[in-house]
Amino acid sequence: MKFLVTGGAGFLGTAVSNQLAADGHDVCVLDNLSNGTTADGIHPAINFVQGSVNDIPLLWSLLYDVDCVYHLAARVSVAESLLHPREYSQVNVVGTVSLMEAMRDSGVGRVVFTSSGAVYGRQPHQPVHENDIPAPDSPYAVSKWAAEQYIHTIGERWGIETVALRIFNAYGAGQALPSSHAPVVPRYLRQAMTGGSVIIYGDGSQSRDFVHISDVVAALKSAATVKGVNRQVINIGSGVETTVNDLTDLIEMVSGRSVNRLYNKEKSGGVTRLVADISRARALLGYRPRISLKKGLKLTMSNEQQAVDN
Ligand SMILES: NC(=O)c1ccc[n+]([C@@H]2O[C@H](COP(=O)([O-])OP(=O)(O)OC[C@H]3O[C@@H](n4cnc5c(N)ncnc54)[C@H](O)[C@@H]3O)[C@@H](O)[C@H]2O)c1
């Protein structure tokens with residue numbers, strides 16, 4: 001098959017693009033490298049194009065003969081979105097509409113969109129199910145929910161199959177560690193391995209659903225080809241609830257180091273609980289998460305160790 005992957009130089013994008021290329025598919029990556037990402041890790045067989053999802057003429061040239069588009073390009077930090085909501089709307093919402101508009105008459109069969117578990121916000125019960133009404137609590141979460149609506153609505157009008165995967169907290173090798181607003185898993189791993197203290201927002205009892213990148217890639221691959229997913233939103237998590245304190249315990253266990261915990265009670269740890277009901281993913285995608293958090297942390301740590309050594 002022929003694929004276009006927007007945001008394909010990012011953490012998830014590189015993993016899915018490289019897997020598709022390794023499977024022998026024809027893959028083109030479009031990425032403007034704006035999130036501090038680089039094209040260095042991209043498989044040599046992939047055609048990498050530096051550019052924006054808001055550049056419609058460029059999209060026209062890349063969409064020729066494409067069977068399926070993976071739309072991952074986005075600004076991805078909840079905290080940053082509170083500072084720059086317009087920028088988040090411009091990339092995550094308008095960029096998605098631009099992509100859909102460029103696809104009119106292109107013959108593309110399906111779009112797989114990476115939405116986020118963040119769209120749920122604070123919910124009265126856990127685990128969260130796709131039928132629960134989202135309560136986004138950040139411009140980032142609003143932008144992902146709005147983009148879901150756009151792809152499904154435009155796809156319905158123009159006869160393009162669409163599916164949105166609501167990914168929870170993905171982690172694993174290749175995840176960037178930006179100097180501000182870094183994701184919790186690579187941040188804590190790096191701090192544990194370099195002897196630093198981990199800073200825990202709130203009291204650490206807030207819970208999340210951490211899902212290993214290889215499980216996310218398996219779900220993304222399936223979403224491109226299975227039947228019966230048109231216009232669906234599908235949760236992709238591990239289905240396991242883990243508090244930030246539990247995560248820190250596990251990091252201590254796998255690293256064999258005791259970690260100094262500094263609690264910053266002034267700063268909110270976000271929603272109190274968030275864990276995915278993955279029954280729809282099991283039923284529609286044949287999704288079976290295979291990597292436990294303990295195993296995933298070990299795998300990620302061996303990769304981190306190499307980065308620290310270098
Ligand atoms: N990583 C997670 O835990 C997670 C969870 C839920 C949803 N998601 C979604 O998955 C997707 C990928 O996330 P990620 O963690 O790999 O983030 P990432 O920042 O590593 O990747 C996003 C990529 O999009 C690119 N990009 C940004 N603006 C662009 C533009 N205008 N045109 C072209 N490319 C642009 C960036 O340069 C970057 O390489 C995003 O849509 C994100 O919202 C990720």
Side-chain angles (χ1 to χ4, degrees), residues 4-18 28-42 48-56 58-59 62 69-78 80-81 84 87-99 102 111-120 128 134 136 138-148 151 164-178 181-187 208-217 219-220 223 233-238 270 274 276 296 300:
L4 173 66
V5 184
T6 75
F11 167 51
L12 298 180
T14 301
V16 72
S17 304
N18 287 355
C28 175
V29 159
L30 172 67
D31 197 302
N32 67 357
L33 305 181
S34 63
N35 292 6
T37 41
T38 71
D40 296 349
I42 293 177
F48 171 71
V49 177
Q50 186 168 352
S52 171
V53 281
N54 274 311
D55 184 342
I56 291 182
L58 175 63
L59 286 166
L62 301 180
V69 172
Y70 281 106
H71 179 41
L72 281 74
R75 304 300 303 264
V76 297
S77 159
V78 167
E80 197 186 60
S81 75
H84 305 289
E87 168 73 10
Y88 271 64
S89 170
Q90 184 61 26
V91 176
N92 298 4
V93 183
V94 179
T96 300
V97 177
S98 299
L99 174 69
V111 179
V112 178
F113 171 62
T114 49
S115 185
S116 171
V119 302
Y120 289 105
V128 288
S138 69
Y140 169 72
V142 171
S143 73
K144 300 306 283 188
W145 194 28
E148 279 182 11
I151 64 152
L165 303 190
R166 287 183 180 162
I167 299 166
F168 283 64
N169 283 64
Y171 70 96
Q175 190 163 26
L177 191 59
H181 313 310
V184 63
V185 170
R187 181 158 44 97
R208 293 292 179 271
D209 182 325
F210 297 101
V211 56
H212 190 257
I213 187 163
S214 62
D215 289 323
V216 177
V217 169
L220 285 165
V233 292
I234 304 175
N235 289 342
I236 301 298
S238 63
L274 190 61
T300 312

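Order of listing sets the numbers, starting from 1, for every ligand and every atom in it.
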*What's the spacing between Leu165 CG and Ile236 CD1 if we round to 0.5 Å?*
5.0 Å
_Residues forming a side-chain hydrogen bond (donor to acceptor under 3.5 Å, both in side chains) with Tyr70, sequence neighbours excluded_ = none
*What does the list of residues with a heavy atom under 4.0 Å from ligand 1 look like, ordered by chain and number?*
Gly7, Ala9, Gly10, Phe11, Leu12, Asp31, Asn32, Leu33, Ser34, Asn35, Thr37, Gly51, Ser52, Val53, Leu72, Ala73, Ala74, Val76, Val91, Thr114, Ser115, Ser116, Tyr140, Lys144, Ile167, Phe168, Asn169, Ala170
*asked:* Among residues at least two apart in sequence or on other chains, which ones pass salt bridge (charged side-chain N to carboxylate O under 4.0 Å, His left out) with Arg75?
replied: Glu80, Glu87
_Considering all heavy atoms, the nearest Pro136-Trp145 contact_ = CG-CE3, 3.7 Å
_Those residues that, when tested against Ser52, pass side-chain hydrogen bond (donor to acceptor under 3.5 Å, both in side chains) (two or more places apart)_ = none
*CZ of Phe113 to CD of Glu148: how many Å apart, nearest 0.5 Å?*
6.5 Å
